[in-house]
Each structure stands twice: as structure tokens, then as C-alpha cells.
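The sequence lines fix the lettering, A, B, ..., with proteins before strands; numbering per chain opens at 1. Every value quoted in this text rests on a predicted model; they were computed, and no experiment measured them.
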Amino acid sequence: MISGRDRTALPRTFFDRPVLDVAPDLLGRILVRTTPRGRMALRLTEVEAYDGERDPGSHAYRGRTARNAAMFGPPGHAYVYFTYGMWHCLNLVCGPEGKASGVLLRAGEVVSGVDLARSHRPNARRDAELAKGPARLATALDVDRALNGVDVCLVETDAELPAAPEPDGELGVLTGRPPGRGRVRSGPRTGVGGEGAPYPWRFWIEDDPTVSPYRAHQPRSRARLRTEAT
DNA sequence: CGTGGGATTTACT
DNA sequence: GTAAATCCCACGA
């Protein structure tokens with residue numbers, strides 16, 4: 001459940017920092033998704049940092065395109081991309097405008113609106129699987145490209161209020177309760193190969209049941225399969 | 001429990 | 001043409 005002290009909205013300055021600072025700092029914080037059918041809240045448990053045009057694993061590595069334009073925009077906005085022909089993934093844009101860095105939201109615990117999230121993910125066996133993986137997370141929260149570029153910082157911080165209002169927009173991020181440093185782990189990013197593979201820019205909360213299983217990059221072309229068979 | 005293949009569009013070579 | 005920041009189901013142990 002979300003208590004009053006979790007509800008202060010994060011200020012835009014939270015995202016206007018290097019992505020490698022923001023990414024682990026997002027763990028334990030609350031993503032709020034509001035749709036015409038209701039509101040859901042997700043405690044973030046796993047994220048990955050993508051560091052702009054210097055990061056070979058980043059969509060921005062080869063410069064600006066129609067798809068990645070939101071990454072080049074101001075921090076505190078969403079970047080939603082479509083992949084594998086059927087899935088959406090949600091990122092939060094970080095750093096100074098133009099640096100094109102972002103945090104992929106990979107997993108979380110649905111702490112409010114479980115029934116609504118389940119209606120988007122009817123095949124999920126357990127609640128812990130509702131948002132266990134980036135495409136599952138987006139599906140559970142009914143996120144698609146309609147949210148690409150939307151502001152996630154629509155509510156001003158007011159530390160005097162014990163329970164600040166939840167975000168007015170379709171997406172928002174609240175303070176939540178970040179885990180202690182000892183509970184945060186890092187390692188290589190899931191499914192990222194090539195030059196971007198070595199960077200340990202995946203961050204997760206240790207022992208949390210909603211964290212997705214790590215999978216190394218797996219080439220799947222027939223040419224590569226033949227190569228590996230010989 | 002683990003492994004393997006199919007789905008299905010977009011971006012880029 | 002082919003790989004992609006993925007998921008799901010079938011099948012075997």
C-alpha cells in the first residue's frame with residue numbers, strides 16, 4: 001500500500017542529473033499511472049540506464065531518429081518505444097536536454113490498482129508477475145506510444161504537505177521509500193550485446209520477487225546458429 | 001524445473 | 001534482409 005509519506009511528487013530536478021545517478025535512485029519509488037478506467041501504482045524494483053549517444057546499447061547511439069526523439073527532449077518525460085513487433089517499453093528521460101539518456105523501467109510491484117493491472121495482463125499467474133519485465137510492465141500499466149513524450153512531473157513538490165496530491169497527468173513518479181544501499185545490486189543489462197554488453201548498468205532490489213530473470217544477449221539468426229553449431 | 005521456437009513491426013544496412 | 005532494451009506456450013525431465 002501507499003502511505004502518505006510516499007506521496008510527494010518528485011521534482012523535475014530529480015531527473016536532471018546523470019542517468020547513472022538517477023537509475024539506482026529510482027528503485028523503491030512509486031510510478032503512478034492514471035487511465036480512464038482507474039489508477040495504478042507500481043513500486044519500481046528493476047531498471048536499466050541508457051547513457052545517450054556514447055552508449056552502444058542506447059537507442060540514441062546513432063543519433064536522433066523519429067523513434068528516439070523523446071530521449072533528446074527535456075528530462076522528466078516518458079520515452080516509449082515499440083519492439084519485437086508487439087511490445088511497448090517505458091523509459092524516463094534523464095540528464096540535461098539533448099544528452100538523450102534514459103532509464104528503462106524493467107520491473108516493479110503493483111501496490112495499488114492490482115485488479116486493473118490484472119485486467120491488462122489476464123494470463124499473469126501471480127501478482128508478482130504482473131510487471132516482471134519491461135514489456136509486461138508497460139502492458140500491465142496500459143502504456144503505449146500514446147504516452148511517448150508525456151510529462152511525468154506535473155505535480156510540484158511540497159514537503160509541508162503530509163500527503164501531496166497524486167499526479168494529475170497520465171504518468172507520475174512519487175518519492176516512495178528507496179531501499180538501503182545494501183539492498184541495491186547492479187550487473188550487465190538484459191539482452192544487450194556487442195559493445196554495450198560489459199557495462200553494469202542494470203540495477204535491482206536484491207531478493208525482490210518481482211525482479212525479472214537475467215538473460216544474456218541471444219543472437220537468433222540462422223547464420224549465427226550455424227556458426228555456433230560448428 | 002529448463003529449453004526452443006513462433007509471433008509480429010520497426011529501424012536501419 | 002535481419003536484428004531488436006521481449007514474451008508466451010509447448011514440450012520434456
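Nucleic acid contact for A:R189: none, since no nucleic acid atom lies under 4.0 Å from a heavy atom of the residue. Using a 4.0 Å heavy-atom cutoff across all strands shown, A:T65 reaches sugar-phosphate atoms only and no base atom. Using a 4.0 Å heavy-atom distance criterion, A:N123 is classed as a sugar-phosphate-only contact. Across all strands, A:R125 comes closer than 4.0 Å to no nucleic acid atom at all (heavy-atom distances). Across all strands shown, A:G57 has heavy atoms under 4.0 Å from base atoms, whether or not it also approaches the sugar-phosphate.
Using P as the reference atom, C:dT2 and B:dG6 are 16 Å apart when rounded to the nearest Å.
Two rings, from A:Y50 and A:H59, have their centers 6.0 Å or more apart.
For the pair A:M71/A:N91, no side-chain contact is recorded, criterion being any heavy-atom separation below 4.5 Å from C-beta on. Looking at A:W201 and A:S186, their side chains never come closer than 4.5 Å, going by heavy atoms from C-beta outward.
A cation-pi arrangement is present between A:R17 and A:F14, with the terminal nitrogen or guanidinium carbon under 6.0 Å from the aromatic centre and inside a 45° cone about the axis. For the pair A:R54 and A:Y61, the NZ or CZ position fails the cation-pi test of under 6.0 Å to the six-membered ring centre and within 45 degrees of the ring normal.
A donor-acceptor pair under 3.5 Å links the side-chain atoms of A:R121 to the main chain of A:L130, judged by distance alone.
Checking B:dA7, C:dT6, C:dA5 against every side-chain atom of A:N91, the shortest atom distance belongs to C:dA5. Among C:dC7, C:dT6, B:dA11, the nucleotide with an atom closest to any side-chain atom of A:T83 is C:dT6. Listed candidates were C:dA5, B:dT8, C:dC7. Nearest to the side chain of A:R215 is C:dC7. Candidate nucleotides B:dT9, C:dA5, B:dT13 were compared by shortest atom distance to the side chain of A:F82, and B:dT9 ranks first.
Between the side chain of A:Y84 and the base of B:dA7, no donor-acceptor pair of N or O atoms lies under 3.5 Å.
Two residues, A:R121 and A:G191, neighbour DNA chain C, and the one matched to the more 5' nucleotide by heavy-atom proximity is A:G191. Each of A:R145 and A:W87 has a nearest nucleotide on DNA chain B; the 5'-most of these lies closest to A:W87.
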Please report, to 0.1 Å, the donor-acceptor pairs under 3.5 Å made by any side chain of residues 134-143 of chain A, with sequence neighbours excluded.
{"residue": "A:R136", "atom": "NH1", "partner": "A:K132", "partner atom": "O", "Å": "3.0"}
{"residue": "A:T139", "atom": "OG1", "partner": "A:A135", "partner atom": "O", "Å": "2.7"}

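For A:H59 and C:dT6, the NE2 to C1' distance is 12 Å, given to the nearest whole Å. At whole-Å resolution of the value, CG in A:N68 and P in C:dA4 are 17 Å apart. Rounded to an integer number of Å, the gap from OH of A:Y214 to C1' of C:dA5 is 12 Å. Between A:E195 atom CD and C:dA5 atom P there is a gap of 15 Å when expressed in whole angstrom units. Per the geometry, OH belonging to A:Y61 stands 19 Å off P belonging to C:dA3, to the nearest Å. Here C:dC9 presents its C1' atom at 12 Å from CE of A:M86, a figure rounded to the nearest Å. Rounded to whole Å, the distance from CG on A:L130 to P on C:dC7 is 13 Å. Between A:R67 atom CZ and C:dA4 atom P the separation is 12 Å, expressed in whole Å.
Between A:H217 and C:dA4 there is a side-chain N or O to OP1 or OP2 distance below 4.0 Å. Within the 4.0 Å cut-off from OP1 or OP2 of B:dA11, not a single side-chain nitrogen or oxygen of A:R64 is found. Listed pair A:R106 / C:dT6 meets the phosphate criterion, a side-chain N or O lying under 4.0 Å from OP1 or OP2. Here A:R136 reaches the OP1 or OP2 of C:dC8: one of its side-chain N or O atoms lies under 4.0 Å away. Contact annotation: A:S58 side-chain N/O to C:dA5 OP1/OP2 distance is not under 4.0 Å.
For the residue pair A:T210 / A:T45, a side-chain donor-acceptor distance below 3.5 Å is found, with atom types taken as modelled. If you check the side chains of A:E46 and A:S212, you find a donor sitting under 3.5 Å from an acceptor.
Stem analysis of DNA chain B (Watson-Crick or G-U pairs, both distances under 3.5 Å, runs of at least three) returns B:1-7 with C:6-12, B:9-12 with C:1-4.
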